[in-house]
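One structure below.
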Amino acid sequence: MSSRKPNMESSIYLGSDGWWHGRVTMGVKNDGKPDRRHRRARTEPEVKRKVKELEDLRSKGRAPKAGRKPTVATWMETYLTDIASLKLRPRSLDDYWSKTRNDIIPGVGAHRLDKLAPEHLERMYRAMLNAGHAPSHVLKVHRILSRALKIAHRRRIIAENVATLVDPPTVDETETNPFTIEEAKAFLEAAARRPTSMRWIVGVGMGFRQGEVLGFRWPYVDLEGEMFHPQWQLQRLTWRHGCKDPHSCGARRHRFDPCPPNCATHKGYKRGCPKPCPKSCTRHASVCPERKDGGLVFTRPKTKKSRNSVPIPPPFIPYLREHKVQQEELRAAAGDQWQEHGALFTRPDGRPLDPRADWEEFKELLAEAGIDDRRLYDGSRHTAGTILNELGVDMVTIMEILRHTQISQTRRYVKGRSHLSKDAMQRMGDTFMPQPEPPTETKTETNASRAARARRRRRVR
């Protein structure tokens with residue numbers, strides 16, 4: 001009788017080195033050779049446990065691929081370069097790269113994927129919170145890392161996505177602070193003294209996002225049909241190298257040493273001194289002579305719902321026509337210096353408005369109108385939703401105007417007003433406790449009233 005073991009059966013033995021060894025057949029490699037995995041331990045029960053874990057993964061079809069696993073840093077670079085770049089929009093991809101370079105790689109980048117544990121992520125998140133990062137920032141980092149690990153798990157590079165075992169920080173919903181009707185009027189009165197007044201009328205009065213307003217183009221504005229067709233938005237994208245050696249191209253911008261205390265070079269930087277470059281830095285694409293895909297770019301809105309047409313309020317039409325005439329005068333005055341982009345709101349030379357300058361102008365208008373500081377989103381999109389609600393517009397219609405995909409999202413944009421709540425509770429009180437009718441000047445005395453007065457006199461005596 002043959003002593004040969006059946007196919008796929010594991011082997012456990014005590015080696016001459018004093019260790020217990022286990023050999024598990026997991027299948028076949030890409031080259032056709034058997035995929036035999038090795039586990040070892042000091043004791044027989046321990047090696048049996050490890051062998052059993054591999055056999056369970058094999059039976060469930062979740063066994064990771066053979067070979068040494070990449071580090072988190074290596075896998076994140078692969079994920080962002082080859083996988084995420086095929087699906088994410090440029091701005092989102094830039095944000096993923098930024099959080100990977102600044103948070104994920106310094107935090108857990110040196111760990112191998114198969115050795116990454118929930119405790120490593122929890123310590124990284126705690127360190128980020130202690131360093132002053134907002135919980136929303138930490139939550140975004142968690143989601144990016146979890147997505148990358150999910151792809152690694154799906155491709156059987158790792159046996160489990162450890163990010164699913166970690167509870168990220170809880171994020172409180174941002175308190176909105178929209179304009180009241182009086183504040184909105186004061187803001188637009190201040191904007192009326194500027195050449196960009198029509199930009200603010202459209203932004204505040206119709207609730208468009210900043211990128212959508214700055215990305216409006218005349219071919220998508222139907223003044224006869226009184227409709228806006230928001231098919232484009234204006235975004236500032238990060239430049240990318242077009243050369244073959246990005247590291248050498250940005251050599252004159254590399255800074256490998258941290259700045260000294262009280263650095264005078266970056267004194268005016270709002271975010272402080274930039275971090276030192278890694279040794280293999282491939283950034284600084286803005287100085288590349290063959291740079292591409294950066295600067296102010298017209299891009300498509302993120303969702304199909306965002307491209308839905310929106311009716312223009314009829315009182316806006318005369319002002320838009322006048323704005324178009326003024327733009328024609330600017331084009332004629334600029335002559336050959338005019339750069340045609342078809343934009344609705346432009347600088348004197350025809351270029352679209354810069355989002356940074358637009359944000360700074362918003363802050364200046366707040367100060368001129370005597371309104372306390374708030375976000376640009378509060379002064380446009382949240383304001384439009386809240387005022388529409390105050391005017392009695394139903395929530396479904398507001399959702400269509402703001403082009404949200406879910407009504408729950410619209411409800412977060414509409415803020416209740418205290419005077420509306422007070423008026424509603426006044427009506428509620430009048431329903432259950434009606435006020436007594438006021439007494440009249442003259443009363444006609446009846447037999448019943450005379451008898452009642454007589455009874456009261458007798459009780460008094």
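More than 12 heavy atoms of other residues, nucleotides or ligands lie within 6.0 Å of NZ in Lys363, so this atom counts as buried by the packing criterion. Other residues, nucleotides and ligands contribute only 12 or fewer heavy atoms inside 6.0 Å of the CD atom of Glu77. Under a cut-off of 6.0 angstrom, the local environment of CZ in Arg194 is crowded, with over 12 non-hydrogen atoms contributed by other residues, nucleotides or ligands. Counted within 6.0 Å of CD on Gln337, heavy atoms from surrounding residues, nucleotides or ligands total 12 or fewer; the atom is thus considered open. Crowding of Gln406 atom CD: a count of heavy atoms from other residues, nucleotides or ligands under 6.0 Å not exceeding 12.
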I would like to know whether Glu400 and Lys305 meet salt bridge (Lys or Arg N to Asp or Glu O under 4.0 Å); could you show each step before the answer? CA-CA 9 Å; Glu400 291 300 317; Lys305 187 79 171 180; 3.1 Å; yes
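Under the ring-ring contact (aromatic ring centres under 6.0 Å, His included) criterion, His137 pairs with His133, sequence neighbours left out.
Taking 4.5 Å as the limit, every side-chain heavy atom of Thr176 sits out of range of all side-chain heavy atoms of Thr386. The closest side-chain heavy-atom distance from Gln210 to Ser380 is not below 4.5 Å. Residues Val72 and Leu145 have side chains in contact (heavy-atom distance under 4.5 Å, counting atoms from C-beta outward). Inter-residue side-chain proximity for Pro352 and Leu214 is flagged as unmet; no heavy-atom pair is nearer than 4.5 Å. Using a 4.5 Å heavy-atom threshold, the side chains of Arg351 and Leu296 count as separate. Counting only heavy atoms from C-beta outward, the side chains of Thr100 and Ile105 approach each other to under 4.5 Å.
Note: Phe362 and Phe187 have tilted aromatic rings, judged against thresholds of 30 and 60 degrees for the angle between ring planes.
At least one donor-acceptor pair under 3.5 Å links the side chain of His247 to the backbone N or O of Cys281. Looking only at distances, no side-chain donor or acceptor of Arg253 sits under 3.5 Å from a matching main-chain atom of His284. Judged by distance alone, with hydrogens and angles left aside, the side-chain atoms of Arg89 form a donor-acceptor pair with the main-chain N or O of Arg300 at under 3.5 Å.
Partner Asp94 forms a side-chain hydrogen bond (donor to acceptor under 3.5 Å, both in side chains) with one of Lys99, Arg240, Arg236 and no other, that one being Arg240.
Screening residues 321-349 for ring-ring contact (aromatic ring centres under 6.0 Å, His included), with sequence neighbours left out, gives His323-Phe345. Within the structure, ring-ring contact (aromatic ring centres under 6.0 Å, His included) contacts touching residues 89-117 (residues at least two apart or in different chains) are His111-His120.
A side-chain donor-acceptor contact under 3.5 Å links Trp200 and Glu361.
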